Enquirer: 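My questions will all concern the structure given below.
Please read these numbers as outputs of a predicted model, since none were measured by experiment.
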Amino acid sequence: VQLAESGGGLAQAGGSLRLSCVVSGRTFRLYTMAWFRQAPGKERETVAAISWDAGRPTTYADSVKGRFTISRDNTRNSVYLQMNSLKPEDTAVYYCAAPRSPYGSPAPQDYAYWGQGTQVTVSS
């Protein structure tokens, strides 16, 4: 399983960025997908997750609710993170991740496959 992120970079506070992640090596549509982030000196946190089941709601960290949107395109084996109204505290390395098993509702510790990470830096 391989995950490849793109779309990070530098943005000003209040600006927007869109992250993309392409997944190969598995039947993408069967798996919940998530974005995590890790800022220097801080623990990794779950930013957003989107289920394999279109009938289940997406989930977000409280800190990004109303500003970030996770989506997926099963025809492109891709998951996206649209980030609006960016804040300096959103600065981190962002990782796309996939769980070991299909279906279900994976907990953070169930994510076994990770992209290389993409840096997002928000200036004030």
Enquirer: Is Val79 linked to Tyr31 within one hydrophobic cluster, defined over Ile, Leu, Val, Met, Phe, Trp and Tyr using a side-chain heavy-atom separation of less than 4.5 Å?
Expert: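 Each belongs to a different hydrophobic cluster.
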
Enquirer: Taking all non-hydrogen atoms of both residues, which atom of Gly104 and which atom of Thr32 are closest, and how far apart?
Expert: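 Scanning both residues completely, I find the closest heavy atoms to be O-OG1, 3.7 Å.
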
Enquirer: Examine Val1 and Phe28 and state if one hydrophobic cluster contains both, with Ile, Leu, Val, Met, Phe, Trp and Tyr joined whenever side-chain heavy atoms are less than 4.5 Å apart.
Expert: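 Yes; Phe28 is reachable from Val1 via cluster members.
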
Enquirer: Can you name the nearest heavy-atom pair linking Ala112 to Arg100, along with the distance?
Expert: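 Taking Ala112 first and Arg100 second, the nearest heavy atoms are CB-NH2, 3.5 Å.
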
Enquirer: Using every non-hydrogen atom in the two residues, find where Met33 and Ala97 come nearest and quote the distance to one decimal.
Expert: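 For Met33 versus Ala97, the nearest heavy atoms are CE-O, 3.4 Å.
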
Enquirer: Indicate the atoms forming the closest heavy-atom contact of Gln116 with Leu3, along with that distance.
Expert: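 Residues Gln116 and Leu3, closest heavy atoms: OE1-O, 3.7 Å.
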
Enquirer: Just so I know, are the side chains of Val93 and Thr118 near enough to count as touching, which here means a heavy-atom distance under 4.5 Å?
Expert: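 No. Closest side-chain heavy atoms not under 4.5 Å.
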
Enquirer: Just by distance, do the side chain of Arg67 and the backbone of Ser85 share a donor-acceptor pair under 3.5 Å?
Expert: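 Yes; at least one donor-acceptor contact below 3.5 Å.
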
Enquirer: Not counting sequence neighbours, list each pair that qualifies as a salt bridge (charged side-chain N to carboxylate O under 4.0 Å, His left out) and has a residue in residues 21-41.
Expert: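 Residue pairs with at least one partner in residues 21-41: Arg37-Glu45, Arg37-Asp90.
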
Enquirer: Whether the Ser51 and Asp53 side chains hold a donor-acceptor pair (N or O, under 3.5 Å, no angle test) is what I'd like checked.
Expert: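 Note: Ser51 and Asp53 side chains miss the donor-acceptor criterion.
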
Enquirer: If hydrophobic clusters are built from ILVMFWY residues whose side chains come within less than 4.5 Å, do Val47 and Leu86 share one?
Expert: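 In one cluster with Val47: Leu86, yes.
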
Enquirer: For Arg76, I'd like to know if atom CZ has over 12 heavy atoms of other residues, nucleotides or ligands within 6.0 Å.
Expert: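 No, because the 6.0 Å sphere around CZ of Arg76 holds 12 heavy atoms or fewer from other groups.
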
Enquirer: Could you grab the distance from atom CD of Gln12 to atom OG1 of Thr121, nearest 0.5 Å is fine?
Expert: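 Separation between the atoms: 13.0 Å.
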
Enquirer: When hydrophobic residues are tied together by side-chain contacts of less than 4.5 Å, even through go-betweens, does Ile50 share a cluster with Val64?
Expert: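 Yes; Val64 is reachable from Ile50 via cluster members.
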
Enquirer: Taking all non-hydrogen atoms of both residues, which atom of Gln82 and which atom of Ser16 are closest, and how far apart?
Expert: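 Nearest pair, atom of Gln82 first, then Ser16: NE2-CB, 4.0 Å.
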
Enquirer: Check the orientation of Tyr94 and Phe68. Use parallel for under 30°, tilted for 30 to 60°, and perpendicular for over 60°.
Expert: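 Because their plane-to-plane angle lies in the 30° to 60° range, the rings of Tyr94 and Phe68 count as tilted.
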
Enquirer: Does NZ or CZ of Arg18 fall inside the cone over Tyr80's six-membered ring, less than 6.0 Å from its centre and within 45° of the axis?
Expert: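 The answer is yes, since Arg18 meets both limits relative to Tyr80.
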
Enquirer: Within 45 degrees of the axis of the six-membered ring of Trp52 and under 6.0 Å from its centre: does Arg72 put its NZ or CZ there?
Expert: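 The answer is no, since Arg72 fails at least one limit relative to Trp52.
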
Enquirer: In terms of hydrophobic clusters joined by side-chain contacts under 4.5 Å, are Tyr113 and Trp35 together?
Expert: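 Yes.
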
Enquirer: Any side-chain heavy atom of Ile70 within less than 4.5 Å of one from Tyr60?
Expert: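 They are in side-chain contact.
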
Enquirer: Check this for me: Gln119, atom CD, are more than 12 non-hydrogen atoms of other residues, nucleotides or ligands nearer than 6.0 Å?
Expert: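 Above 12, so yes.
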
Enquirer: So that I know where these two stand, are Phe36 and Tyr111 an aromatic pair - ring centroids less than 6.0 Å apart?
Expert: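 Yes - the distance between ring centres of Phe36 and Tyr111 falls below the 6.0 Å cut-off.
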
Enquirer: Check the surroundings of atom CD in Gln2: do more than 12 heavy atoms from other residues, nucleotides or ligands lie under 6.0 Å from it?
Expert: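 No.
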
Enquirer: Using only atom types and a distance under 3.5 Å, with no angle test, would you say the side chain of Thr91 pairs donor to acceptor with the backbone of Val122?
Expert: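 Yes: the side chain of Thr91 pairs with the backbone of Val122.
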
Enquirer: Please examine the side chains of Val120 and Leu19, heavy atoms only from C-beta on, and report whether any two atoms are closer than 4.5 Å.
Expert: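 Leu19 vs Val120: side chains touch.
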
